[in-house]
Amino acid sequence: MLGLVNGAFYAILSLGLAVIFGLLDIVNFAHGALYMMGAFVAWIALDSFGINYWLALIVAPLVVGAIGVLIERTMLRRLYGLDPLYGLLLTFGLALIFEGLFRERFGVSGQSYPVPDALSGATNLGFMILPNYRAWVVLASLVVCLGTWFLIERTRLGAYLRAGTENARLVQAFGVNVPRMVMLTYGAGCALAAFAGVLAAPIVQVTPLMGSNLIIVVFAVVVIGGMGSILGSVITGLGLGVVEGFTRVFYPEASNVVVFVIMAIVLMIRPAGLFGKEA
Amino acid sequence: QQAPANQPVRIGFITDMSSLYADIDGPAGGEMVKWAVQDFGGKVLNRPIEVLTADHQNKADVASSKAREWIDNNGLSMLVSGTNSGTALAMAKVASEKKRPFFVIGAGSARLTNEDCTPYTVHYAYDTVALAKVAGTALVKAGNKRWFFLTADYAFGHSLEGDAANVVKANGGTVVGTVRHPLNASDFSSFLLQAQGSKADILALANAGGDFTNAMRAAREFGINKSMKVAGLLVFINEVHSLGLNNTEGLQLADSWYWDQDEASRKFAQRFFTQYKRMPSSLQAADYSAVTTYLKAVQAAGTTDADKVMAQIKKAPVNDFYTKGSVRADGRMIHDMSLFQVKGQKESTKPWDYYKLVTKVPGAQAFTSLAESKCALVKK
Amino acid sequence: MANDYILETQGLTKEFKGFVAVNEVDLQVRRGDIHALIGPNGAGKTTYFNLLTKFLQPTRGRILFKGEDITHEKPAQTARRGIVRSFQISAVFPHMTVLENVRAALQRGLGTSFHFWRAESSLHPLHERARELLVQVGLEDFADELTVNLPYGRKRALELATTMALEPELMLLDEPTQGMGHEDVGRVTQLIKKVSAGRTILMVEHNMNVVSSIADRITVLQRGAVIADGPYEEVSRNPQVIEAYMGSADTELQGAH
Amino acid sequence: MGKTHKVFGLAYLAVAVLALAAPFIGLYPIFLMKLLCFALFACAFNLLLGFTGLLSFGHAAFFGGAAYVTGWFIRSQGWTPEAGVLAGMVAAALLGALVGGIAIRRQGIYFAMVTLALAQMVFFVCLQAPFTGGEDGLQGVPRGALFGLLSLQSDLTLYYLVLAVVVGCFLGIMRIVNSPFGQVLKMIRENEPRAISLGYEVDRYKLLAFVLSAALSGLAGALKTLVMGFATLSDVHWSMSGEVILMSLLGGVGTFFGPVLGAGMVIALQNMLADKVGAWVTVIIGAIFVLCVLAFRKGIVGEWLAWRDRRVARTAKTGAANSETPGPGEHRVGVS
Amino acid sequence: MAANELLRIDNLHAWYGESHVLHGVNLVVNEGEVVSLLGRNGAGRTTTMRAIVGLTGRRTGSIRLRGQEAIGLPPHRIARLGVGYCPEERGIFASLSAQENLMLPPAVGSEGMSVAEIYEMFPNLKERANSPGTRLSGGEQQMLAVARILRTGARLLLLDEISEGLAPVIVQKLAETIRTLRAKGYTIVLVEQNFRFAAPLADRFYVMEHGRIVREFARDELLANTAIVHEYLGV
Ligand SMILES: Nc1ncnc2c1ncn2[C@@H]1O[C@H](COP(=O)(O)OP(=O)(O)OP(=O)(O)O)[C@@H](O)[C@H]1O
Ligand SMILES: Nc1ncnc2c1ncn2[C@@H]1O[C@H](COP(=O)(O)OP(=O)(O)OP(=O)(O)O)[C@@H](O)[C@H]1O
Ligand SMILES: [Mg+2]
Ligand SMILES: [Mg+2]
């Protein structure tokens, strides 16, 4: 149950990664940094402009999404058609830059973001105490994940996006404004990361390092789920969160590596990941 | 190393300026070294003093090559090490090989004055053994007998936990449970539920940095700080500040210095505050103090010759705003340590008014005794 | 008896999620023949090839090569046995020279491919043979050209040369003349005829001119199943074949290619 | 091409002379050794990325893993340096076989992420294992005496030893790339399905390449332990994997000399930035990454080679020089 | 004539990276015409088509569609001027089902064929509608690629080697389709290796060689030009 909360973060983050990867063929190494920025934007919004949590939940993804759009326009765009590894390296560099800038500006110990009043307190479920805020996190992330999944797998926009991944030029030659679509998709993926960041802000300390600590696990989640599989990343994210939660209770020493162990096992049995399509 | 009379005396300061530990020491620590030099008059033995600073980025190889380069190429006289034990141990090796006084401030590993002690190392501010001992002794004495440890699952956490547990047991307390969490575990809820079930008096956090802050937040979220006292075994004021009092109220912690502990400290702190808009950490105060101590020793010895200066340092007691103490043969500086409790929001009357003193533990009790030391220098 | 047939499949079947792409195909390819496999689009010809070369696992049935059951071997294994295919969509190493492309196939024969300590010059003795092969497909003037820069038709020719380099006993050609200009089609047809000496060729081809001029035997697939099998004259008169594949007017068919 | 060949010969000669003389022209032996170790690491990495087309994001595991193993054998078991270094190299090769065995099943980006995740596992093991000293690192590894005879205490002796080993490996890598095996790697990089259909079991070739690269990376890490006297967590941290990528990328992926140059630049930069900019290091390193990817995709050596190719093409008026060939390496010079 | 000129290309140059492939192509296609580009492998026919829709690297010169200059436009804007392109390599998307592939290109005109009509023309596609696009057989993919642009209502169709890899029956059907389209007033540019397929369909022919148009003639001049066709195509 407790693992679900972490699972919820894994799910949204890996979803964002999967959207960006599945549709643009970019492994967005900056995802952790964007998540961190989402949390920071929320904090700055509260601290400097008095914007409350609920508003921040909208504002931060927008701001970070806009930054994503900017990144896409100015940099990623030049890499299309090249080996996708370049995208990975570029975003890796960006992640370093963002993290460095925030460290420089805000220090490493970070800031704390208060739990919004409406969700403070906890419910006693009898066998355990569940802070209300955590319940909300799980709920909110489920809704977002399902919404995204529907959008991509079940709509025409999704078809454009998937086709665009394979041969963007051709889709464009059919009359779809691919550059704009790609830009917005990347922005949306980044916004998802920021959304997770805002959700996380009241639970964890908002620090410049919060993203890089999480991102590698999220990568593993995406690999296990089958890269680019939207549904796969959501289910795997939640599932792994729970597995990890259990490991923490029963064999905490292993909880750090359990995800990677699972990954290794999954890859041996199903090289394409649990939900991935065989190449 | 007969430096010509007009050659500047060069002091080097290497710490983490950009990463994990940049707040508690970092660039501001370097500035403290410069202040110490300035306040000393910028000159010693009629030679100007120069300060070199570098960022080791938490890489031992960068730290040790920088130290080596400074000593060989820049004629460095003395080296101050900031945070991160791995880098400090690597530099200690270089400093002793090249015979340069080496002051460790930010790094906490007790190995610096035990297995890996050198004739030139001075471990100045604190070590993890002392922190554990201070918190353990004082809290058990105050009646908190049942301890539950939340420990970072690697060597550092284990030794913090082990040292504290020993003290707790020695003072008649019991350890009712331990749970080990991985490094950078962002979610502490499952661990804390276990702690909650233990009905302990003290939840001891044997971890540091981001793990500490996140554990602390979760402890509050699950209401643990209401049912038991939380003790942080390695906590700096910057972390308390960033967590805020509502998250940390009642937290027990050991430290070597607090800005509001006396008039002299407040004066120093105020000066720091004007520049940095925050209060100095104990490490930053110690950086200042250590350099002053060194310069005084050079003055008294009339030379920068390492052996003579080291002899002088080990002879003369330290007495300044930071602390009163003396450097032992194994390089350990012995001075009083304090146990603090974090104030509640209401008690806090001014900015950065965070701690109240619970008790002071004399240096002789706080640190490992010479008899227990594993340092080869003091073994007969 | 069995030795007359270099390749034989018995009840070979491939199903994709309930869709039967290859259905109980019993086919025998005689040693030394040029055997054409034709059929309407989607009949299962490429799938059949994929089964033979182990790019796909059959759902049922057996594949016998020279009387040995090779149904469960790995792709590389079958290649080493001497069954080599060319792809329907051109496959070359684009940033290697034409000569190196051919050499890549010859190299395996040396058995030194894991020898990371040996010099590249140990491969130079292969150049002579590689050039011979290039002469055969008319690419001798392009030997040192980077393969990316070749036009499509020449890439196909190169691919053929590479395939031949493996000295396959059985060559599987999937639409070898696709995308070629008329000149090339003629040349490649002659080429196939030429290289068929001493080996067996099984090919998929839609160009009836090619099929009628060189194939010794023709098998027609429709919806995964064999509907006709025999020499060209016989098969081309089969009404079922005409309806399913060749189209109404035989003359126009001839004209179509 | 004979002329360029000669130019390269001269360049290599110049570098060799420089390397031999370096300690006497005021350069720091320890710094140079560190540089050599990283150069070897980058070259080993490039063997995989540049010449096999596999981007591993987990090479720190081999570098750091071997560093720890070597350190432990020498310090705690009292092994001689050459035995310790060999042990580190073997350990890295075995680890490489394991990681490679799992990761090879996936390609491209997936491969990168799988190696990253597995390396992260190695990191946690090093963090928690008792013999590594956790965050204190494995300190105080003695240099000892080579074969128990030649003392390595002197920086200069060690320098020439390390130089010899690294140069040997460099030549070894060149040979690997141009060997029959290297040719197969090239085929795999160019068109994997085609290589399979020619009868090559590509996974076994990739695995061998991976193991070779891991072993050489391990050798680099082992030497580093010997030189510096310690192994720490930063050697196995994923940012180390990032650094080695940066080195290759900066110098030129798929060229022989690029990674050496890249390693030199990154190490020098780190050293320089250490006292100049404080908190901005990460930002600067990140910016270099971005710049490399956007503007110097072929790296310094790669761009230079491309420029030279273009010039040759222009003067020869052949016109068909293909500028999109990824990193045309010197290795093509010798081919025909 | 100028009144119903649908496509006019003047002095078109195009490059792939550094290599200069088209060296000043000039051609005109009138509304309702079927025009075929002939040439050997590598003559630049595919490149001409790709240049029209904006898929080559750099290009210069002038491409006018119904009088509007398109040389500076991005591909999606060109498509919306009513151009449908069926690429030589087919460009079927693996991650989309056959049906999704078919429905993918957005409508750029109002008179596209309906899905029912398309399935009638290519029954295979209906049967395989839910298969992933690249799991179709080679020929089925070719059908899908053609069908896909017939749906969009584009009035100018650029068809590159569409008879390639198709069974003779289907080729005949395609020929009929093109006739029907022509009757409906579509304008078609046909690139065909298969001269015998193109010959009876096209109104006019352009012959390309080394990135230039070297010859132009109408269908009724075909006989008179056999020698030339032989020379340039080796037929
Ligand atoms: N992997 C697959 N999954 C599902 N269906 C498949 C798969 N591969 C092929 N098919 C289907 O099997 C049938 C046979 O395909 P195949 O490629 O063998 O045809 P073909 O005879 O080669 O046709 P063509 O002449 O058009 O190339 C087709 O209808 C195709 O859609
Ligand atoms: N992507 C590319 N990069 C570089 N050169 C190319 C590229 N595509 C084609 N070329 C070259 O451009 C020239 C013209 O090619 P194009 O594909 O237009 O010819 P084509 O007339 O369509 O011939 P084909 O019958 O082979 O399809 C050829 O020399 C070819 O090698
Ligand atoms: Mg086929
Ligand atoms: Mg073409």
Side-chain angles (χ1 to χ4, degrees), chain B residues 12-20 22-23 26-28 30 52-66 68-70 72-74 84-94 97 107-112 115-116 118 152-159 180 182-184 208, chain D residues 26-35 37-38 67 120 123-142 153 155 224-225 227-235 237 239-240 243 267-285:
Chain B
F13 177 67
I14 301 184
T15 194
D16 171 11
M17 303 240 179
S18 54
S19 174
L20 288 171
D23 287 359
L52 305 171
T53 60
D55 176 9
H56 59 47
Q57 303 148 42
N58 291 320
K59 294 189 176 85
D61 51 331
V62 173
S64 90
S65 22
K66 206 78 223 177
R68 220 176 265 271
E69 179 192 322
W70 280 349
D72 285 350
N73 294 354
N74 303 46
N84 186 321
S85 300
T87 57
L89 287 161
M91 287 189 281
K93 197 87 198 315
V94 177
E97 189 184 307
S109 173
R111 280 174 59 179
L112 283 159
E115 297 92 331
D116 293 304
T118 81
D153 193 13
Y154 59 103
F156 154 81
H158 298 175
S159 68
R180 296 194 164 166
L183 179 67
N184 294 332
Chain D
L27 284 170
Y28 219 63
I30 297 255
F31 178 75
L32 287 173
M33 284 188 267
K34 185 174 150 189
L35 208 152
C37 293
F38 277 97
Q120 195 64 7
F123 173 80
F124 283 121
V125 169
C126 289
L127 176 73
Q128 287 174 329
F131 79 93
T132 59
E135 65 150 28
D136 290 349
L138 185 79
Q139 301 274 354
V141 179
Q153 238 39 26
D155 285 351
K224 202 211 86 161
T225 302
V227 170
M228 308 297 294
F230 51 76
T232 58
L233 283 176
S234 61
D235 297 337
H237 195 253
S239 55
M240 179 64 84
E243 239 160 62
I267 298 295
L269 196 73
Q270 249 172 21
N271 208 47
M272 232 165 62
L273 294 182
D275 28 346
K276 305 268 148 48
V277 292
W280 293 96
V281 212
T282 16
V283 180
I284 292 174
I285 299 273

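Chain letters run A, B, ... following the sequence lines, proteins first, then strands; residues in each count from 1.
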Query - Toward chain B, the part of D:L127 with a non-hydrogen atom under 4.5 Å - result: both
Query raised in the report: By a 4.5 Å heavy-atom criterion (distance strictly below it), what part of D:F131 contacts chain B: side chain, backbone, both, or neither?
Result: neither
Taking the side chain as every heavy atom from C-beta outward, state whether [X] and [Y] have any pair of such atoms under 4.5 Å apart.
X: B:R68; Y: B:N73; value: no
X: D:T232; Y: D:L138; value: no
X: B:L89; Y: B:R111; value: yes

Report task. Taking side chain to side chain donor-acceptor pair (under 3.5 Å) as the test, write out the residues that go with B:D61, two or more places apart. Result -> none
Under 4.5 Å from any heavy atom of chain D, what part of [X] do you find: side chain, backbone, both or neither?
X: B:A90; result: both
X: B:K59; result: both
X: B:E69; result: both

Heavy-atom pairs under 4.5 Å with chain D: which of [options] has the most?
options: B:A54, B:A22, B:A88; answer: B:A54
options: B:H158, B:Q57, B:E115; answer: B:Q57
options: B:G86, B:S85, B:S109; answer: B:G86
options: B:N84, B:T87, B:N58, B:D72; answer: B:D72
options: B:R180, B:K66, B:H56; answer: B:K66

Query raised in the report: Out of curiosity, D:F230 CZ to B:K93 NZ, how far, rounded to the nearest 0.5 Å?
Result: 9.0 Å
Query - Which residues share a salt bridge (Lys or Arg N to Asp or Glu O under 4.0 Å) with D:D235, sequence neighbours left out - result: D:K224
Query raised in the report: Any donor-acceptor pair under 3.5 Å linking the side chain of B:D55 with the backbone of B:M17?
Result: yes
Query raised in the report: D:T225 side chain to D:A67 main-chain N or O, any donor-acceptor pair under 3.5 Å?
Result: yes
Requested in this report: With a 4.5 Å cut-off on heavy-atom pairs, point out which of D:A129, D:S234, D:G229 contacts chain B the most.
Outcome: D:S234
